[in-house]
Each structure stands twice: as C-alpha cells, then as structure tokens.
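Here is the structure we will look at, set down as structure tokens.
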Amino acid sequence: MGDSSKVSAVSLAAGARGLHATGSRFQAVTLSTTATSFPKTHDKIENVEDTPFFIDNKFLKSATTEYIDLHDPATNYLVTRVPQNTDAELKAAVESAQRAFPAWRDTSIIHRQQVMFRFVSLIRENWDRLAASITLEQGKTFADAKGDVLRGLQVAEAACGAPEFMKGEVLEVAKDMETRSYREPLGVVAAICPFNFPAMIPLWCIPIATVTGNTLILKPSERDPGAAMILAELCQKAGFPEGVVNVVHGAHRTVDFLLDEPAIKAISFVGSNKAGEYIYTRGSANGKRVQANLGAKNHAAVLPDCNKNQFINSIVGAAFGAAGQRCMALSTLVMVGETKEWLPEVAERAKSLQVNAGFEPNADLGPVITPQSKARIESIIASAEEEGATILLDGRGYKPNGYPNGNWIAPTIITNVTPNMRCYREEIFGPVLVCLNVSTLDEAIELINANEYGNGVAIFTRSGPTAETFRRRIEAGQVGINVPIPVPLPMFSFTGNKRSVAGGGANTFYGRPGVNFYTQLKTVTTLWSAADAISRKADVAMPTHS
Ligand code: NAD
C-alpha cells in the first residue's frame, strides 16, 4: 500500500445536474474513487468532501445543515462529513423505493439472479477499494477489511441461488384440488447498520432483500458509511433499476423516521442492545417485521487436554483481531483447572501483535473507532483494577510511531475476574480479554449459561465426549469446537441466542431464515373439478380428501 494518493469520498461531477425527485431538486454528485484509484494511506485529506446520499441510482448532495464529522481512527484527521438527511430527503428515499417496487416485484426471478451475478462480480472487482474505505473510516487493518468484504460477498453469492430458494410447494390435497405456496416480497424494507462491519452487514441485507423482490432503504453507520456508498454504485452498475436500493444517512432521527414510516414493512438491525431493543420494540409496535442482532460477551472454555498452542493462537487472534470490535470477538476466557497457568504465555503472544495504522503492512490490529470509545474501554480497565482484578497485560498508553493522535489501545488481559465485575458484565468492544477461573467443565457451563448474552462460544479440548456434553448443554447460539469464531457461512444462518438477538431469535439473518424474513408466504387452493362442466349439484360438506 505504498501509493500515497489522496482521494476524498466524493467530488462534484462536472456539470452536475439537478435531479427531479418528488418535487425537490437535489444536486447530483459522483464518487471520486474507482476500482483502481482510492486512498492507500492515512495522510491528511486536503479537500474533504461530504458523503452523498443515494436515491434513484444517483448520488446526491444533502441540503442539510447538520453533519456528523467522520475522522480516521488512526490519525483523527477529518475524512468526510456525513449528513443528517432532512425529512424531505428521507421521504424522497421512501417514495423512490415505493415507485420502484411494483416493477421490481414483477421482474422474473431469473432477471434478478442475473443482476445479482453482476453485483457479485463487481464486488470482486472493487474488493480492494471497498477494503481501503473500511481501513480509512473504521480503522481495521487492510487484510482484515478484505475479510469484512468477503463475508458479505459470500451472502451475495448465496443469493444467486434465488431461483431455487424462491420455489413454492404444491400438493394435490383432494381430487381435482391442489394447494400451492408462493413466496412474495414484502415491499419497501429498511436496514440499519453498525460501524464494525461496514461492508459485511449491508451485504447481509442488500442481496437477499432485493433478490426476493423487495426494494430497500439502507442506513449505514454514520461513523463509516463509505463502503455502503461504494456498494450503492455497484448496485447501479449491476443493473438494479432506480429506487431498488437507496442509501440515507444520519443518527437517531433517521432511525426514528424509518421506524415510523408506514410504507416500510420490515426493519433489519444490527448493533448494540441499547439501540436494538428500542428499535425492535418501536418497529414491532408499528406493525413491522424486525430482525435485530445485538451485543455479545463470547466465552471460551479451555480444558487441560486441549492443544495448547492451537488454543493460544486462536484466543490471541479472536480476542484482539479487529481491535476486539467484532460481535463474535472471543473476549472472555474460562480457564478450567490448571489451564490458568497458561495465561502468561497467552500474554507473551498477545504482546507480539503489532498495533498500527491499518494501511501499514505489518499491522495486526488497528485503533478503536473513536476517542470516546477508547475512553470508555480505558474506564472499564480501570474499574477492573479498582474491583480487585489483575491487569496481566496493560495496553493503555500505547502509541505506534508516526501516529500519535490515533485511538490506540494495545492488547490488554485482565485476570482473576469474577462475574460481578463491570469488565465481565459489560460488552467491552475493544482489545481486552477478561479471564475467569473455574475447577470443572460443569462450573464452566454454569458460568457461561448464567451470562445474559448468547452470541458465540468456544470450547478447546481434544475429548469428543467433553465437546459433545458442552455442545448439548451450552445455551449460546453459535458454538465452536476448537474454532474460536464460529460464524456460519451463508448456507446456514447467523444464530445468536438470548440477549444477543431481539425477539427470542425468531428471525435470523441470511440463509433460509433470511429468505423467510424478506418474503411473505401465500397459499392458493384451486379446484378445477372434472365434473364442473356437467354437475348440477352443490357440494356443501368440507372436502374429505378422499
Ligand atoms: P449502535 O447500536 O451504536 O449503532 C447501530 C446503528 O443504530 C447505527 O446505524 C446507529 O445510527 C443506530 N443507533 C445507535 N443508537 C441509536 C439509538 N439510541 N436510537 C436509534 N438508533 C440508534 O452499534 P455500533 O456501536 O455501531 O455497533 C457495535 C455493536 O453492534 C456491538 O454491540 C456489537 O456486538 C453489535 N453487533 C452485533 C452483531 C451481531 O450479529 N450480533 C454484529 C455486528 C455488531
């Protein structure tokens, strides 16, 4: 990543033309990055430009006076300003999606599949561009940002199987009578995304929502919307008609608008419990379908018979990768028996990780998202000290050469933690590993099941029966056996449990349940009676299926 080209988020197109959308005139702009030209350094951007919104396949400049400043987490230089879209702009997005729906619903599934094939291919062509936007705005390393894109790309690839998963069923239920089921789109749907996977989470929503025939309004995180804007451009290039995918911006106001807008039939949300529980409640009260994936506290139970080296590498990668800002970060160790003696070795390996700006080739983890997030994480570390835990490895105060102003926290390990401590009760969402000690597998299971979250869990053991007992009794939704981050690929679904998912986990993202979420089943029962032409007697009894 040696090239020091500085490319800002957008540039006004030469001769930019106004767009007539629902009576208002918005100024059209274009993204200034391309598949081969995009930022590759953390240098200060000289001409910072505002992030546009996207309606009717056009990038538009907001007329708002309210912006959210977005800073590079490695330097805190300003990268772009994200508009809080005005109500008129939000309304225009809804109207665009409403206008587009009837024709998109009526396109053949084969046509929508072809659009999805092109979308997949464009994501591959723009993979580095998307990853670079993530590194600049979110802070994760370039290699890890490529993985963020890949995990979303895989959902888009799976969505290409739409002709198969949109098939209905048919059964002859009585003589001359059959029932068929059809899967129909819901209409206009919305997605509200978190900051930590700027490409993957929009891609959990865009492909399945659209290939099933819905039109979508996406609200990326106001902290890093750049990847979503690139995806919007790729949607347009892939052949999505105007209005099928729209992108709007803002914080709570935009969310409230989407929750209260009657034309929106379903909301997909990924983010924190605070926002998600509110969104689930208000969206459901307004009669919308809501799928909501929330926060986590993922545990690993470590058994003395495990492959120690594999365990240490796994935990160091899964606790500190992406600076711990993954909903499936393995942030809590439950050391069974003598395995607590291994913690100094875990600390040694964690210390060898390179904390640096994401475009630096040696970086293993980058900064955390904002100075406020850094302050919150540091306050949790301090609380652990005050509550009697031991800071075995302290990452506070670290600064890599050349980046004195980033939001840095190096890997931190807190040991002798007990369940009543704040560092155990709260999701930390930073490069901090908390470690508890227990004596037996039973105690480990009891401790983990008592935790209110249930996103992911892992066990490290070489015993099949031990792993099987754990698998049966553990209440977390995604279980790894010697696998630290067991996120299922899109032929399965993302299956969080307990408070890690709203609504008891009835709706889950991607896979077959994802298709169910975005479609309404309709059953049609038909009678083409062979006797119709000649019968003169009414049938008054219920069919007997004889
Ligand atoms: P967040 O809840 O702060 O923000 C998510 C979205 O909600 C953003 O678009 C934001 O604008 C909006 N929002 C935030 N607060 C709101 C409020 N009070 N009212 C209305 N809207 C609001 O989450 P984040 O910090 O961006 O993301 C990190 C969180 O997401 C972590 O808790 C993480 O565990 C969780 N997460 C969960 C999964 C999963 O699949 N379970 C995946 C990724 C992230």
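Order of listing sets the numbers, starting from 1, for every ligand and every atom in it. Hydrogens, waters and symmetry mates play no part in the numbers below; they use all other heavy atoms, side chains included.
- At least one heavy atom of F269 sits closer than 4.0 Å to an atom of ligand 1.
- Of the candidates G271, G496, A251, G271 brings a heavy atom nearest to atom 29 (C) of ligand 1.
- In Y67, the OH atom is crowded: over 12 heavy atoms of neighbouring residues, nucleotides or ligands sit closer than 6.0 Å.
- Of the candidates R253, Q478, R223, the one placing a heavy atom closest to atom 24 (P) of ligand 1 is R223.
- Residue S272 has at least one N or O atom closer than 3.5 Å to an N or O atom of ligand 1.
- The nearest protein heavy atom to atom 4 (O) of ligand 1 is not closer than 4.0 Å.
- Looking at C193 next to ligand 1, an N or O pair under 3.5 Å apart turns up.
- Residue F429 touches ligand 1 through its side chain alone, judged by heavy-atom distances below 4.0 Å.
- In this structure D69 satisfies the side chain to side chain donor-acceptor pair (under 3.5 Å) test with no other residue, sequence neighbours excluded.
- A salt bridge between K297 and E426 is absent, with no side-chain N of the basic residue lying under 4.0 Å from a carboxylate O of the acidic one.
- Only side-chain heavy atoms of W204 come within less than 4.0 Å of ligand 1; its backbone N, CA, C and O stay farther off.
- At a 3.5 angstrom cut-off on N or O pairs, E222 counts as close to ligand 1.
- Considering only non-hydrogen protein atoms, atom 42 (C) of ligand 1 sits nearest to C327 SG, 3.0 Å.
- Atom CZ of R512 has 12 or fewer heavy atoms from other residues, nucleotides or ligands within 6.0 Å.
- Between N196 and ligand 1, no pair of N/O atoms sits closer than 3.5 Å.
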List the steps, then state whether side chain to side chain contact (heavy atoms under 4.5 Å, CB included) holds for F165 with V211. CA-CA 11 Å; F165 57 66; V211 84; 4.1 Å; yes
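- Contacts between M328 and ligand 1 below 4.0 angstrom, taking non-hydrogen atoms only, are absent altogether.
- Taking only non-hydrogen atoms, the option from H252, M200, E427, R326 nearest to atom 19 (N) of ligand 1 is H252.
- One finds the OG1 atom of T135 at 5.0 Å from the CZ atom of F359 (value rounded to the nearest 0.5 Å).
- Between T86 and R253, the shortest heavy-atom distance links the atoms CA-NH2, 4.3 Å.
- Of the listed residues (A275, P220, S500), the one carrying the non-hydrogen atom nearest atom 22 (C) of ligand 1 is A275.
- No salt bridge links E378 with R396; every basic N to acidic carboxylate O contact stays at or beyond 4.0 Å.
- Counting only heavy atoms of the protein, atom 41 (N) of ligand 1 lies nearest to L294 O, 2.8 Å.
- Residues that satisfy the salt bridge (Lys or Arg N to Asp or Glu O under 4.0 Å) test with R425, not counting sequence neighbours, are absent from this structure.
- Residue-level proximity to ligand 1 for I192 is carried by the side chain, the only part with a heavy atom below 4.0 angstrom.
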